[in-house]
Amino acid sequence: MDMDTDLLIVGGGPAGCAAAVMAASVGMRSVLIESGDALCGALRRIPAVRNVLGVTNGPDLAAAIEADLGRCDPCRVELGRRATRIDAYDDHVEVTVQPVGPLGAVGSVRAVGCMGPVGSMEPEGFAQASGTRLTAPYVVVATGVGPLDPESVEWLGGAAGRALPPLWEANPAAIDDRTVLVLGADRPLGTVALAHPELRTRFVVAYPPEDAYKTEEIRQNPRMELVAVHRLELGPVSAPVTAEVRTVEGERRTLTADLAFLNLGSAPAPPAGAVARDRSGYCPPGSQHPRVFTAGDLRSVRFQRIATAMGSGGEAALGAYYASRGLPTETGMSTETGLTTETGGPPTEVGKPPDPTGGG
Ligand SMILES: Cc1cc2nc3c(=O)[nH]c(=O)nc-3n(C[C@H](O)[C@H](O)[C@H](O)COP(=O)(O)OP(=O)(O)OC[C@H]3O[C@@H](n4cnc5c(N)ncnc54)[C@H](O)[C@@H]3O)c2cc1C
């Protein structure tokens, strides 16, 4: 059958972008679908990076990746398009794509490294279409993770209906010299501490015992008060913010702060259809349909890093390349039990809601 391209890539973070350049390096055309209005949106919000070779902050890395994709002729980037469904068949995959935001916002589409029409589809026609189905022999799914819903977090109460902003959105000037209640000990806390040593903020960090390992990088920071809790119940919406806690030592305390922020972690939310998930909601590469390759943060709670995202994206594209030539690799070739998938893929088992841990 006629296919739109050699490889579909869903998600334009470091994993998806690495998949695109790797695919190009072995002669594969690709279409990369990104729901945001720019590539690597997550990286643009990381002010300080110290575990990636060659860069010290997220915006510089995002700009470098965007430039690389701009030079990557065999890859067509479609921004502002959300993949809503992925179906996998014996001989091809189909990705259903919807425009994000108002229909007809063609001006918001920026084709980076556009190689012209792929199959029968002009970029402009694609931009206007609703529910477009794209076909290819293989798909790389690299949709990352999204913030956990506070109402799904068992140790936290009183959050329903409250507008609690995520910590990574905190305006440094607004939290300087204030006491801030941080709900959860996920990675953004370390990033804020590293990026803003000048802040005189006092951070009161309430977190469940299973997240204790995440506090290691901030444990010595004198601005942090760490409170391991079995339960935290937010008080009424008022100033100051109050919260009743039951600590892991069994003590009952009232925490008081000027402001409160969510920092609970994240969970994957891949498009519906053929992407297989394990019991915790993650999507391990070795458990997918042979035509579906997963890369980046959505693979695992423990390997959520920029460098591992890029490595796994490149590996996913190589997996598709070798598969297209009938050369087996471990990636995408094995199956495991305990997975959930709507179509195709290994055995079906309804998983629990995603584990409320994230950030690796
Ligand atoms: C505050 C913070 C600080 C961090 N600091 C560091 C650090 O210092 N070092 C480090 O190594 N890591 C850090 N990380 C983690 C790092 O950002 C991630 O590991 C990395 O971005 C994962 O890349 P990814 O491509 O898997 O996912 P993402 O970067 O999340 O990219 C996924 C992309 O997929 C798109 N998408 C999602 N769903 C769809 C869909 N249905 N259709 C189309 N597109 C879709 C999203 O818009 C997004 O652009 C930090 C994360 C945060 C939040």
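In listed order, ligands and their atoms are each counted from 1. These figures come from a predicted structure and were not determined experimentally. For the numbers below, each heavy atom of this structure counts, side chains included, while hydrogens, waters and symmetry mates do not.
- Annotation: ring-ring contact (aromatic ring centres under 6.0 Å, His included) contacts of Tyr89 (sequence neighbours excluded): His92.
- Given atom 25 (O) of ligand 1, the protein heavy atom at minimum distance is Ala15 N, 3.0 Å.
- Which of Gly144, Ala62, Ala83 comes nearest to atom 27 (O) of ligand 1 through a heavy atom is settled by distance: it is Gly144.
- Ranking the protein heavy atoms by distance from atom 15 (C) of ligand 1 puts Gln304 O, 3.9 Å first.
- The two atoms that bring Thr179 and Val204 nearest to each other are CG2-CG2, 3.9 Å, heavy atoms only.
- Every residue meeting the salt bridge (Lys or Arg N to Asp or Glu O under 4.0 Å) condition with Arg231, not counting sequence neighbours, appears here in chain and number order: Glu233.
- Scanning the protein heavy atoms around atom 9 (N) of ligand 1, the nearest turns out to be Asn51 OD1, 2.9 Å.
- With respect to atom 34 (O) of ligand 1, the closest heavy atom belonging to the protein is Gly11 CA, 3.3 Å.
- Taken together through direct or relayed side-chain contacts under 4.5 Å among Ile, Leu, Val, Met, Phe, Trp and Tyr, Val205 and Leu164 form parts of separate hydrophobic clusters.
- Classification of Glu217 and Arg219 as a salt-bridged pair fails, no side-chain N sitting under 4.0 Å from a carboxylate O.
- In the candidate list Thr56, Leu39, Asp297, Thr191, Asp297 is nearest to atom 19 (O) of ligand 1, counting heavy atoms.
- Both the backbone and the side chain of Ser35 come within contact range of ligand 1, each with a heavy atom under 4.0 Å.
- Using modelled atom types and a 3.5 Å distance limit, the side chains of Glu244 and Thr254 yield a donor-acceptor pair.
- Under 4.0 Å from ligand 1, the heavy atoms of Ala142 that appear belong solely to its backbone.
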- Message: Determine whether Glu225 and Arg202 satisfy the following criterion, salt bridge (charged side-chain N to carboxylate O under 4.0 Å, His left out), listing intermediate values before the conclusion.
- Response: CA-CA 8 Å; Glu225 180 187 351; Arg202 179 172 162 254; 2.7 Å; yes
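- Around atom 7 (C) of ligand 1, the closest heavy atom drawn from Arg45, Arg305, Arg187 belongs to Arg187.
- For CG of Asp90, the number of neighbouring non-hydrogen atoms (other residues, nucleotides, ligands) closer than 6.0 Å is 12 at most.
- Atom 33 (C) of ligand 1 has Glu34 OE1, 3.5 Å as its closest protein atom, hydrogens excluded (heavy atom only).
- Distances between N or O atoms of Val145 and those of ligand 1 include no value under 3.5 Å.
- Checked for salt-bridge contact, Glu34 and Arg82 miss the test: no charged N lies under 4.0 Å from a carboxylate O.
- Nearest to atom 39 (C) of ligand 1 among the protein's heavy atoms is Thr143 CG2, 3.5 Å.
- When only interatomic distances are considered, the shortest N/O to N/O separation between Val52 and ligand 1 does not fall below 3.5 Å.
- Around atom 4 (C) of ligand 1, the closest heavy atom drawn from Val192, Ile46, Thr84 belongs to Ile46.
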